[in-house]
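Note sheet for the following structure.
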Number of protein chains: 2
Amino acid sequence: MPGKREQNREQNRQALIKAVLDSVSEKGISETSVSEIIQRAGLSRGMIHLHFGGKDNLLAAAARSSSEEYYDGLEALLQSGGDSPQERVEMIVRGDLSEPVLNRRNVSIWYAFRGEARNRSAIAEYSDTRDDRLRNMILNAFTRIVREAGREDPVLSARDATHGTIALMEGMWTDYLLHPDRFDRDEALRIVFRFLAALFPAHFSLAGAVPPKN
Amino acid sequence: MPGKREQNREQNRQALIKAVLDSVSEKGISETSVSEIIQRAGLSRGMIHLHFGGKDNLLAAAARSSSEEYYDGLEALLQSGGDSPQERVEMIVRGDLSEPVLNRRNVSIWYAFRGEARNRSAIAEYSDTRDDRLRNMILNAFTRIVREAGREDPVLSARDATHGTIALMEGMWTDYLLHPDRFDRDEALRIVFRFLAALFPAHFSLAGAVPPKN
DNA sequence: TAGAAAAATGGACAATCGTCCATCTAAAGG
DNA sequence: CCTTTAGATGGACGATTGTCCATTTTTCTA
C-alpha cells in the first residue's frame, strides 16, 4: 500500500486536475490561469511546476483525465448491457446522451479543449484515442447488424452507419452546447433512434426508443 | 460615394477583422494577442481601441463577420437553386459540406469561437442568430416534404427531421475538426443522403447523391 | 490655401502572466 | 530519535498582456 507521501502526492495531483476542469468549465480556457488554478485547488504556486512541469502539461493531463472519465463510464455501461448488437448501440447512444455524461460541465470542458486542440499538440493527442475507442465499439455492433440483415445490398455499410451515428451524437452535443436551456434530452434520443429505425427497421423499433406521448 | 476618410476607415476595420480570423485559425484564440493582430494587419497599436473600443469587441466583431460570411454564402447558393424542397435541402447540405465552406480555416475559427462562446457573451450572441437562420431554411423545406409525403403518421416530424439533419451536418464538421487529413467529403455527403433517403425514400434518391462507385 | 476635424501612431502604463528556486515542512528509513 | 529526502511553499523575476492618450499625420471644409 502507498505511504502517506505517495498518497498526498497523488491527492494533490488530482486536486490540480480537478481545479483545472472546474475552472475551464466555469470560466473558459483563456481565464484559467495559474493563479486561478492554485486558488481553486488551495495549493501553493509551485505545485504545478513540481507535479506537471508547467501549465501546458497540466492542461493536457486534465484533458486526458476528462476523456478517460468519459470512456470508462461508457465502457462500464456496456459491461452491464445486453449482448445483442442493437442493445449495445442503444446503450452507447443512451449513455452518450445521458445526464451524467452530457451535461453543462462536460460540454463546456469538451468544447473548450477542442477549440484549442488544433494548436496544442499535447491536448490534440488524446482526442484520437478517444475517438477510436468509441468508433470501434459502435463499428463492431453495426458490423453484426449489417450481417444479420443479410441483404445482398445493404442500405448502408457498417462503416457508414457508424460514421453517421457518431456524427448524429456529436451534433446533439453541439446542440446542447449552443442551447443548453432549450435542449430536450428525450427529443434528442427520439431523433437518433428514428434515424436508426429508418436505416435498420428490423433492429431498431420506435416503440422501444420513444417514451409514450399521451 | 464615401470619401477617402471613410474608405480608409472601413478598410482598416476589415484589415483588423481579417487579421483576427487569420490568427485565430492559425494560432488559436489564446495566442491571438493585440500584438499579434496589429502585426498581421500592419497597423498601429491604437487602432483596435480606436475602431472597436477594445480587444474583446474586436473578437466579437470577427466572430460575427465569420458567421455572416457563412450565411451569405449559403443563402446565395439557395437563390440559384431549384424550388422543390428536396432540392433546397440538398443544396444546403452540399453547400455546408463544400470546400469553400467546410475547410481547415473555417473549422478552426468556428470551433475556437465556440469553445470560448460560453464565457464571452458578446461572442455567444451571434451564435443564436446563425443557428435560427439555418434552422428555418431547413425547417421550411422539411415541412413541405412531410406534407407531400401525405401520410397520416409520418416517420418523422418536420421539426425532428430538421433537428436530426442539422445534427448530422454538425457532426460532420466535428469529424473534420478532429481528422482533417482523413476526412472524406464525398463520404460525408453520401452518409447524410443515405440517412435522408432512409427517412424519406420518395424524396431523396441514393443515385443523385452518390458519385458512381465503379 | 489655411484652419478644423478626423484618423492614425506608437510608447507609457499598471496588471497579470507562467516559471523557477531558495527555503521550509513533514514523512520515511535507520 | 535523528538524519535523510521528497514534497510543499510563496515570493521574485522578466516577459507579455490590453488599455489609453499625447502627439503627429492626413483628409475635409470653408
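Chain letters run A, B, ... following the sequence lines, proteins first and then strands; every chain starts at 1. Computed over heavy atoms, backbone and side chain alike; hydrogens, waters and symmetry mates excluded. Quick caveat: nothing in here was measured; it's all calculated off a predicted structure.
- Residue Glu75(A) places its CD atom among more than 12 non-hydrogen atoms of other residues, nucleotides or ligands, all under 6.0 Å distant.
- In 5' to 3' order, the nucleotides of DNA chain C bounding all contacts with chain A (an atom under 4.0 Å from a heavy atom) are dC17(C) to dA28(C).
- Within a 6.0 Å radius of NZ in Lys18(A), other residues, nucleotides and ligands contribute 12 heavy atoms or fewer.
- Taking the side chain as every heavy atom from C-beta outward, Arg94(A) and Phe193(A) approach each other to under 4.5 Å.
- More than 12 heavy atoms of other residues, nucleotides or ligands sit less than 6.0 Å from atom CD of Glu10(B).
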Could you list all N or O pairs between the protein and nucleotides 7-13 of chain D that sit under 3.5 Å apart?
from    : atom 1 : to       : atom 2 : distance (Å)
dG7(D)  : OP1    : Arg9(A)  : NH1    : 3.1
dA8(D)  : OP1    : Asn12(A) : ND2    : 2.4
dA8(D)  : OP2    : His51(A) : NE2    : 2.8
dT9(D)  : OP2    : Ser44(A) : N      : 3.2
dT9(D)  : OP2    : Ser44(A) : OG     : 2.8
dT9(D)  : O5'    : Ser44(A) : OG     : 3.1
dG10(D) : N7     : Gly46(A) : N      : 3.3
dG10(D) : O6     : Gly46(A) : N      : 3.4

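- With a 4.5 Å cut-off on side-chain heavy atoms, Thr174(B) and Tyr111(B) count as touching.
- Heavy-atom neighbours of Arg159(A) CZ from other residues, nucleotides or ligands within 6.0 Å: at or below the threshold of 12.
- With axes fitted over five pairs at each extremity, the angle between the ends of the helix from dT1(C)-dA30(D) to dA28(C)-dT3(D) is 10° (10° resolution).
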Item to complete: Apply side-chain contact (heavy atoms from CB on, under 4.5 Å) to the pair His203(A) and Val89(A), showing each step before the final yes or no.
Response: CA-CA 10 Å; His203(A) 291 79; Val89(A) 170; over 6 Å; no
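- Annotation: of the two residues near DNA chain C, Ser35(A) and Gly53(A), the 5′-most nearest-nucleotide partner is Ser35(A).
- Just one residue in the list Arg40(B), Arg104(B), Arg105(B) forms a salt bridge (charged side-chain N to carboxylate O under 4.0 Å, His left out) with Glu26(B), and that residue is Arg40(B).
- Atom CD of Gln14(A) has more than 12 heavy atoms from other residues, nucleotides or ligands within 6.0 Å.
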Fill in: Worked verdict on Trp173(A) versus Asn106(A) for side-chain hydrogen bond (donor to acceptor under 3.5 Å, both in side chains)
CA-CA 10 Å; Trp173(A) 276 60; Asn106(A) 283 349; over 6 Å; no
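- In this structure, His49(B) reaches the dC20(D) phosphate: one of its side-chain N or O atoms is under 4.0 Å from OP1 or OP2.
- Between the CD atom of Glu31(B) and the P atom of dT16(D) there is a distance of 12 Å, given to the nearest Å.
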